[in-house]
Amino acid sequence: MVLAETVRKKFKKLFNEEPLLVRSPGRVNLIGEHTDYNMGFVLPAAIDKAIYFAISPRSDGQCKLFAIDMNDYFEYQVASIEHQEKNWPNYLMGVVDQLNKAGKKITGFNCVFSGDIPLGAGLSSSAALEAGLAFSLNHIFNLGIDKLSLVKLAQKAENEFVGVNCGIMDQYINIFGAQQTVLKIDCRSLECEYHPFINDDLRIVLCNTMVTHSLASSEYNTRRSQCESGVKIMQKYNPEIKSLRDISLDLLHSHRANIDEVIFRRCKFVVEENERVTKSCEDLEKSDFDSFGQRMYESHRGLRDEYEVSCKELDFLAEEALYSDKVIGARMMGGGFGGCTINLVYKSMVKKFQRFIEEAYKKKYGRKPLVYVCKIEAGTHIIS
Ligand code: GLA
């Protein structure tokens, strides 16, 4: 809670009052990649890396923000919201913009924040900013917005104001996450199942490639439209089909001749990935972590060969992990083209694995990957 104390102190110094303190976590996704915007299943968890907000209401319409980690100050009026050249305020302004559009009255606020979610690593620091602020404003202004509406509002802030066409997974897990639990989110009904993820012999270890290839956002949008093309073709034969969620592998195969080869591979990956999420949850119910780990490898292979969103650095880390006897599952995580791999590692082997993967990566790419050992924590909540 060092960071919580840091933001509280800075807040008191700047604004001379006691703030509300809110913790808003980053996330991992165990399995179920590129399925959220295809109305499928995902299996994320909130983690012990977070953004901490210190916040209080104002009555003069001003929003005063201080980002400790950037040592940067920004202020604006609730009534005049404009996209900024400087990036970080946009995540926060986007939320106020959505509240304005929803007719929810806020009258300004003071806010100081700081976090330990590594930026650009694919751990959803942006969703933590958006959903964390939406949650905080809902509380200090007593807006009465339910949790799912907060999730949707935060996602819209990212889609419409920040301009990133992400799915709903990151904001959802930020708000609904729970300790020692992964969530199987149904991205069509927006309902979720809570599955305990408890195995004291295992740890979730992330290896950060330290690269973000510039392709990431354009290819993300391309994948979305390729999946939509697949759905359109299938709809010609069955108008009931609304998304790849409505398509079985058999049905997809029966239309192979009608579908372009690349589109076919994209759709096949998504259909199979949805199945893997469901089967992984059955593995968890049986505490069968070995099968769970196998499915993570299968997911990686699909992301690499069929969905083609991996990159050589991610493949290297996942493959090295595969050959190591310290790891039971590994795959790239998130949108792809950089960021982290997620690995399930025997607790007793974590140090050895870290040394092994750092050396291997350094030998190949001349720099060490950053390695994070994560705990599953609760979603966004008040800490004071
Ligand atoms: C990014 C997006 C998510 C999801 C993943 C891929 O993290 O923000 O909505 O689509 O990529 O699974």
Side-chain angles (χ1 to χ4, degrees), residues 24-47 49 91 94 117-131 151-177 182-188 190 192 206 208-209 212-213 215-228 243-245 266-267 269-277 280 295-296 298-300 302-304 306-311 314 318 331-342:
S24 175
R27 65 105 185 89
V28 291
N29 186 24
L30 273 302
I31 198 160
E33 222 61 89
H34 290 273
T35 43
D36 61 351
Y37 55 81
N38 284 306
M39 304 295 114
F41 299 113
V42 290
L43 198 66
I47 57 170
K49 299 200 176 295
Y91 296 98
I117 308 174
L119 300 182
L123 306 186
S124 293
S125 53
S126 44
L129 271 181
E130 294 145 356
V151 169
K152 291 181 188 167
L153 189 140
Q155 185 202 12
K156 265 185 138 183
E158 173 114 14
N159 293 162
E160 293 177 8
F161 201 80
V162 180
V164 176
N165 206 11
C166 63
I168 202 160
M169 165 169 70
D170 305 345
Q171 290 80 8
Y172 196 113
I173 189 62
N174 175 282
I175 294 287
F176 283 95
V182 292
L183 260 68
K184 182 189 182 198
I185 305 169
D186 178 335
C187 300
R188 181 167 65 185
L190 297 182
C192 68
L206 305 177
N208 189 347
T209 58
T212 320
H213 293 292
L215 287 171
S217 76
S218 62
E219 289 296 309
Y220 187 86
N221 290 335
T222 307
R223 292 302 172 280
R224 286 189 75 136
S225 55
Q226 286 170 332
C227 292
E228 282 160 21
S243 68
L244 290 180
R245 172 71 176 281
R266 306 294 191 245
C267 295
F269 166 77
V270 172
V271 172
E272 287 180 340
E273 184 76 350
N274 277 329
E275 262 182 39
R276 276 191 283 271
V277 177
S280 300
R295 292 189 214 286
M296 290 173 76
E298 286 164 23
S299 169
H300 184 79
L303 288 159
R304 182 190 63 198
E306 301 193 301
Y307 216 63
E308 294 181 287
V309 289
S310 190
C311 62
L314 284 167
R331 59 177 204 87
M332 58 150 278
M333 187 179 78
F337 301 102
C340 293
T341 57
I342 178 168

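Read the numbers this way: they start at 1 and go in the same order the structure lists the ligands and their atoms. Counting from 1, the numbers follow the sequence of the chain as shown.
Of all the atoms in ligand 1, the ones that sit under 4.0 Å from a non-hydrogen atom of Asp36 are 3 (C), 4 (C), 9 (O), 10 (O). Residue-ligand proximity, Asp170 to ligand 1, at heavy-atom distances under 4.0 Å covers atoms 2 (C), 3 (C), 7 (O), 8 (O). The distance from ligand 1 to the heavy atoms of Gly167 drops below 4.0 Å at these ligand atoms: 9 (O). Those atoms of ligand 1 that come under 4.0 Å of a heavy atom in Tyr37, given as number and element, are 10 (O).
For Arg276 and Phe41, the positive end is not near the middle of the six-membered ring at less than 6.0 Å and at most 45° from its axis.
Looking at Glu306, Glu228, Glu219, Glu308 one by one, the single match for salt bridge (Lys or Arg N to Asp or Glu O under 4.0 Å) with Arg266 turns out to be Glu308.
Atom CG of Asn174 is separated from atom CE of Met169 by 12.5 Å, given to the nearest 0.5 angstrom.
When hydrogens are left out, the protein atom nearest atom 5 (C) of ligand 1 is Met169 CE, 3.9 Å; that is the closest non-hydrogen contact.
The shortest N or O to N or O distance between Tyr220 and ligand 1 is under 3.5 Å.
Taking every heavy atom of both residues into account, Ala45 and Val182 meet most closely at CB-CG1, 3.9 Å.
Proximity of Arg27 to ligand 1 is established by a heavy-atom distance of less than 4.0 Å.
The aromatic rings of Tyr220 and Tyr37 stand perpendicular to each other, their planes meeting at an angle above 60°, with 30° marking the opposite boundary.
Centroid-to-centroid, the aromatic rings of His34 and Tyr307 come within less than 6.0 Å.
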